[in-house]
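Encoded as structure tokens, the structure appears first; notes follow it.
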Amino acid sequence: MEAVSKAKERFAKYPLIYSKCSKQGMLYARCVLLKEDTVKKNDCAKEFQEFKTCLQNAAKTLKTRI
């Protein structure tokens, strides 16, 4: 059951991780929404990469993983 408790601890930190990256998340969501019906692969790759990097860095500062 140790794995389950560790997973619960990790999931509990997700709101903190996402809150640290709200700006990047908003920019990514805006890009996707602007291309709503015509979105294609890699249309918002730059915004996604910035969001992903932010999430990874935030997780590192909280000493957890995503």
Side-chain angles (χ1 to χ4, degrees):
M1 292 303 250
E2 183 180 343
V4 172
S5 64
K6 284 184 179 183
K8 285 182 180 181
E9 288 175 22
R10 195 170 62 245
F11 289 138
K13 293 180 182 179
Y14 274 34
L16 294 172
I17 292 170
Y18 283 109
S19 69
K20 291 179 183 255
C21 300
S22 61
K23 180 183 173 192
Q24 291 84 352
M26 179 195 63
L27 292 173
Y28 175 58
R30 184 183 328 167
C31 178
V32 171
L33 289 173
L34 286 174
K35 299 171 188 273
E36 188 175 348
D37 295 326
T38 61
V39 70
K40 296 181 194 93
K41 185 177 179 179
N42 294 327
D43 276 353
C44 300
K46 177 182 163 243
E47 291 84 352
F48 176 76
Q49 189 59 43
E50 290 174 3
F51 183 48
K52 178 182 168 186
T53 301
C54 181
L55 291 174
Q56 290 171 335
N57 290 336
K60 277 184 195 175
T61 62
L62 292 172
K63 296 184 172 124
T64 189
R65 60 186 173 96
I66 297 179

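Keep in mind it's a predicted model, so treat the numbers as computed, not measured.
Evaluation of the side-chain hydrogen bond (donor to acceptor under 3.5 Å, both in side chains) test over residues 55-66, restricted to residues two or more places apart or in two chains, returns none.
When hydrophobic clusters are built by joining Ile, Leu, Val, Met, Phe, Trp and Tyr residues whose side-chain heavy atoms come closer than 4.5 Å, directly or via intermediates, Val39 is not grouped with Leu34.
Residues Gln24 and Cys54 approach most closely at OE1-SG, 3.7 Å, considering heavy atoms.
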Determine all donor-acceptor pairs shorter than 3.5 Å in which one atom belongs to a side chain in residues 1-18; sequence neighbours excluded.
| unit_1 | atom_1 | unit_2 | atom_2 | d |
| --- | --- | --- | --- | --- |
| Glu2 | OE2 | Lys6 | NZ | 3.3 |
| Ser5 | OG | Glu2 | O | 2.8 |
| Lys13 | NZ | Leu62 | O | 3.3 |

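Every residue two or more places apart in sequence or in another chain that forms a side chain to side chain contact (heavy atoms under 4.5 Å, CB included) with Cys31 is listed here: Lys35, Cys44, Glu47. Listed by chain and number, the residues in a ring-ring contact (aromatic ring centres under 6.0 Å, His included) with Phe51 amount to none (sequence neighbours excluded).
When hydrophobic side chains of Ile, Leu, Val, Met, Phe, Trp and Tyr are connected at separations under 4.5 Å, Met26 ends up clustered with Leu27.
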